[in-house]
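Atoms within each ligand, like the ligands themselves, are counted from 1 in listed order.
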Amino acid sequence: MCGIVGYVGRQAAAPLLLQGLARLEYRGYDSAGVALLDGSGFCVYKEAGRLSVLAARMNGGEGLPQTVGIGHTRWATHGAPTARNAHPHLSDNGHWAVVHNGIIENEAVLRRTLREAGVVLRSDTDSELIAQLLQREDDGDVPSTLRRVTAQLEGSFALGVLYTAQPERVYAVRCQSPLVIGVADEGVFLASDIPAVLPYTQRCVMLQDGDVACLTAEGYTVYGADGEPLQRPLQETAWEAEQAERGAYAHFMLKEIHEQPEAVAATLLPHLQEGRVTPEVLPLTAAQAVALKRVVLVGCGSAYHAGMVGAQVMERLARVPCVAEVASEYRYRQPVTDGDTLVVCISQSGETADTLAALREAKRLGARVMAVANVEGSTLAAESEAVLLTRAGPEIAVATTKAYAAQLAALYLLAVRLGVMRGTVTPAEEQRLTAELRRLPSLIRGLLKTAPQMHALAKRLPPLTDAYFIGRGIDHAAALEASLKLKEISYIHSEAYAAGELKHGTISLMESGTFVAALACDKALLTKTLANVREVRARGAWVLLLTAETVEEAADEVLTIPAAEPLFQASLSIVPLQLLGYYTALERGCDIDHPRNLAKSVTVE
Ligand code: F6R
């Protein structure tokens, strides 16, 4: 999705804005632009395509002395990805410049009103309308002008705004789309997420919905919905700049796959003490835990897949009905929900629009709600009753790996704790399970050594058009994630099936050379899945089998996964399959960290 940066300080803004935009590239974009401001007005640069085109046009910012500016990477929604539609957009009188994330849902009405008033629009975007509205509502008092304009906007948005009459200020508005202020020695930064400001500062303010902020070289003021200044405290983020650097790795995705042992350890270890899961992971009293009627784990994409694993683990350990739900479906389904329902919203970014909508719906219905989130201070974290943080650090590659691994770890903690509270996990069992959890980081580290094997396999595989991932139970949940990893970065059509479901239709697609990855890490289900492997091989499929047992000649290639607690096996089987997805995409020459059409943080429905 789009990215916003802003800067006001003592240094030249242009190079800082370009660097900030580069750090937001991972969010996905198709054009970019920068507006610089000083006493003589705006200098605006906009280009379609990669940021490098814009940077070249601006000569990397060399010779541009302005110390105030805003920048934007655009992911087209209204209008083609052209320089004309790129942000910043100026008002007709040239007094206002706006960068915008999100979607203005009533843009058709606003466009008609402005046209009828004689305003000539220069782009196809909903964003330009905001600049024109600012001109119409301008009373010289910027926070109140911004309030009157945003009151006319429907939808979710974050804005960065410059005004020629106040050339030493950057304004920001947040409404359901994230914005961060970073306070550094060299000035004050604005960004749509934390990694953009990390090279300059770890001192951040997460703006909340309805906030209007004014940034100057000296600091910032935040105004609440009533127009009065309010306190938004500076927080010191634990994330460090080098965590958001690619280092020696060819891609962020490969780096993040290799960071999984640390991500899982950092998520688990603060909550494992003397063979127990610490109580604060779950915001329920003993009575509430016992009275619980159901648990719903909600998320999108990989977070939903983590929820599918978590639901199975939780139901088995806590003996309470648990289901995973796609967040975009949850809110429209009129789910049976009450105070004895726990809804766990899972999200790396904590800003995914559908997950936030599900959270709000669950709250409206009276459920207990908690978040499993990777970004402290994110909207999901702020709006939930309680947060269990995944401590994966900043995740830059669009395709999630370490955040998914950390989500699994967090859900295991919740499952064990809920089982203990409900009396379905005995103290001895808790001891054993927590010992198994402690083993996970080193087991994952061991599986990273399959990288050469997975690379060789990716090279050896015939040119694939389709792939199938099958498994039963938790293996099926892991198969869904493995399939998504391959599909989203290599553009190979891929599907995941419950292994027993295959013969109810999809087996008709099996023919000579069809690629099937079979996950059979749960010993109890091994013979059943092996039967399914035989079925597809009999029809010519080429099978990669992942198993924790020794099985001879059961498949074309067998990958032995170390035996661990079966409930936690998804954390292991996914690792070589992430690597397979990565190396397959590499062999196909795909843009691994920026897969086409995808965005890291999906802040629109
Ligand atoms: C896939 C992927 C996405 C995200 C999904 C939810 O690799 O990364 O499917 O998992 O967009 O994002 P978050 O976790 O930020 O809510």
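Counting the atoms of ligand 1 from 1 in the order shown, those under 4.0 Å from a heavy atom of Gln348 are 13 (P), 14 (O), 15 (O), 16 (O). Atom numbering of ligand 1 starts at 1 in the shown order; those under 4.0 Å from a heavy atom of Gly301 are 9 (O). Taking every heavy atom of Glu488 and a limit of under 4.0 angstrom, the matching atoms of ligand 1 come to 1 (C), 7 (O).
Remark: minimum distance from atom 11 (O) of ligand 1 to any protein heavy atom is reached at Val602 CG2, 4.2 Å. Taking atom 6 (C) of ligand 1 as the reference point, the nearest protein heavy-atom neighbour is Cys300 O, 3.3 Å. Among all non-hydrogen protein atoms, the one lying nearest atom 3 (C) of ligand 1 is Ser302 N, 4.0 Å.
Contact check on Glu280 versus Arg417 returns no salt bridge, with no Lys/Arg side-chain nitrogen under 4.0 Å from an Asp/Glu carboxylate oxygen. For Glu383 and Arg360, the salt-bridge test passes: some basic side-chain N is under 4.0 Å from an acidic carboxylate O.
Going from atom CG of Leu577 over to atom OG1 of Thr401 covers 13.0 Å, rounded to the nearest 0.5 Å.
Checking Thr150, Asp211, Asp209 one by one against Arg174, the side-chain hydrogen bond (donor to acceptor under 3.5 Å, both in side chains) holds for a single residue, Asp209.
Considering only non-hydrogen atoms, atom 12 (O) of ligand 1 lies nearest to Thr352 out of Thr352, Leu598, Ile346. Relative to atom 15 (O) of ligand 1, the option among Ala399, Ser349, Ala353 with the closest non-hydrogen atom is Ser349.
Lys485 counts as a contact of ligand 1, since one of its heavy atoms falls under 4.0 Å from the ligand. At a 4.0 Å cut-off, at least one heavy atom of Val398 sits close enough to ligand 1 to count as contact.
Side-chain polar atoms of Lys485 and Ser302 form a donor-acceptor pair below 3.5 angstrom.
Classification of the His251-Tyr582 ring pair by plane angle, with boundaries at 30° and 60°, yields perpendicular. Classification of the His493-Tyr468 ring pair by plane angle, with boundaries at 30° and 60°, yields perpendicular.
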